[in-house]
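None of the values given here were measured: they were computed from a predicted structure. Remember, it's 1-based here, ligands and their atoms both numbered in the order they're listed.
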Amino acid sequence: MSLKTILPGSTSPTGQQITLGVMGGGQLGRMFVQAAQAMGYFTAVLDPDPASPAGLISHFHIQTPYDDEQGLAQLMQRCEAITTEFENVPSPALVTLGAHRPVAPSASCVAVAQDRIKEKAHFVQCAPVSGVFPAPYAAITTDALLAAVPAELLPGILKTARLGYDGKGQVRVSTREELAAAWASLNKVPCVLEKLMPLRGECSVIVARGADGQTVSFPVQKNTHHDGILAITEVYEGALDPTLAARAQASTVALADHLNYVGVLCVEYFLIDTAHGVDLIVNEMAPRPHNSGHYTQNACDISQFEAQVRTLAGLPLPTPRQHSPAIMVNLLGDLWFAPNAVREKVSERGVSPPWAQVLALPGTHLHLYGKLSARPGRKMGHLNITAPTVAEVRETAAKVLTLLGLPPLDA
Ligand code: ADP
Ligand code: MG
């Protein structure tokens, strides 16, 4: 069903509160729920986990598997329109929902983003318009394709086509023997082998596209990953070359247009050194708000989650304006076990990081996801840091990183 305007604060013809739904109850769903509720909508979450971060705070929480017919029927019965918060929602479930309710992004867009083989084909197809290519790659789905892999793709990274995130489902390989062993270790599921690129840096772009095709772009994020997981995002003048940032924005808009995408889309890029200077390579896309876009919550006049609500509800979509230089620090579960964790509250779940000291610094905004236990590598929350100037935001971030025992910012 196509999107129509769904104004907040009213009731449906059946007398029901106007409710927006989300498939998935993780932290991204939680922050969508928070943005929707702030604007007066009721919310419904479908997630089998009774303790899911979004389910815990939503008006309605349907606790069934994503492909459960009854669960999907309940969600449709409750909701005026439905979005998704992670790309591994089975796309047939979105097809079912989309037959009866507006769903954004659509099942077909999510299907492209959830399969690296389709995603890279989309990037290649769009390259004449987007102006940006993916890294050289080969799809590996059969022994014959494995044997035919060109030598120039090594050393490379073998990535499962589906279900990978935060560097999971990836193996670095240098030789054909390692490649064959790695594919066997991944049970020969469909994969892509990507050439290992000499990364100068990474960036990402978030756009929001309405059902009318109007697209707005957020400022481009500079990202630093540790062990394949996003660690830091920096967004301020001077963080990135403005020409490259503008190219990344234009490319992202072109990729969204080509899919006739509706909703919030994030595209990740690599910055690589070439003979002609630094160039862009498109890495992957996420059909939803993204960890690298969390800075928008405190540094922009519209957050990526509000943009998700606006696109889903068919509301106006003015260009978001960044009002403060921003640095986002991801808070992984490791911090709950770090030497700087606050010792008085020792429990088997680990101990709290020194929040009081962190929050004493000006412009620190803590976002915790309500996860009941910390594990190394688990995303527990993030900290947005804002300040009037670039020098001040970097200074505060440096203090925060020291307090948390994390590596310093790049120079
Ligand atoms: P995920 O779905 O886990 O985010 P990515 O493909 O984005 O998977 O890989 C995670 C990180 O691994 C990237 O942000 C980058 O730091 C590194 N990486 C991935 N592919 C390559 C590549 N071809 N060359 C160099 N580094 C890469
Ligand atoms: Mg990634």
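Looking at His290, Glu194, Met285, Gln170, it is Gln170 that brings a heavy atom closest to atom 12 (O) of ligand 1. Of the candidates His226, Glu284, Lys159, the one placing a heavy atom closest to atom 19 (C) of ligand 1 is Lys159. Among Lys195, Glu202, His225, the residue whose heavy atom sits closest to atom 16 (O) of ligand 1 is Glu202. For atom 24 (N) of ligand 1, the nearest non-hydrogen atom from the set Glu268, Arg116, Met197 belongs to Met197.
Residue contacts with ligand 1, taken as heavy atom pairs separated by less than 4.0 Å, do not involve Leu230 at all. Under 4.0 angstrom from ligand 1, the non-hydrogen atoms of Leu199 all belong to its side chain.
For the pair Glu194 and Lys159, the salt-bridge criterion is met [side-chain N within less than 4.0 Å of a carboxylate O]. Between Lys188 and Asp143 a salt bridge is recorded (basic side-chain N to carboxylate O distance below 4.0 Å).
In summary, the aromatic rings of His258 and Phe123 are positioned with their centroids too far apart to meet the 6.0 Å limit.
Near Leu196, with a cut-off below 4.0 Å to any heavy atom, the atoms of ligand 1 are 24 (N), 25 (C).
Cation-pi geometry between Arg78 and Phe60 is met: the NZ or CZ atom falls under 6.0 Å from the ring centre, inside 45° of the normal.
What you find for Arg162 and Thr160 is that their closest heavy atoms are O-OG1, 2.9 Å.
With hydrogens and angles ignored, the 3.5 Å screen pairs no side-chain donor or acceptor of Glu268 with any backbone N or O of Val282. A donor-acceptor pair under 3.5 Å is formed between the side chain of Ser303 and the backbone N or O of Glu306.
Residue Ile157 has no nitrogen or oxygen atom sitting less than 3.5 Å from a nitrogen or oxygen atom of ligand 1, judged on distance alone.
For Glu284, the N, O or S atom closest to the Mg ion (ligand 2) goes by the atom name OE2.
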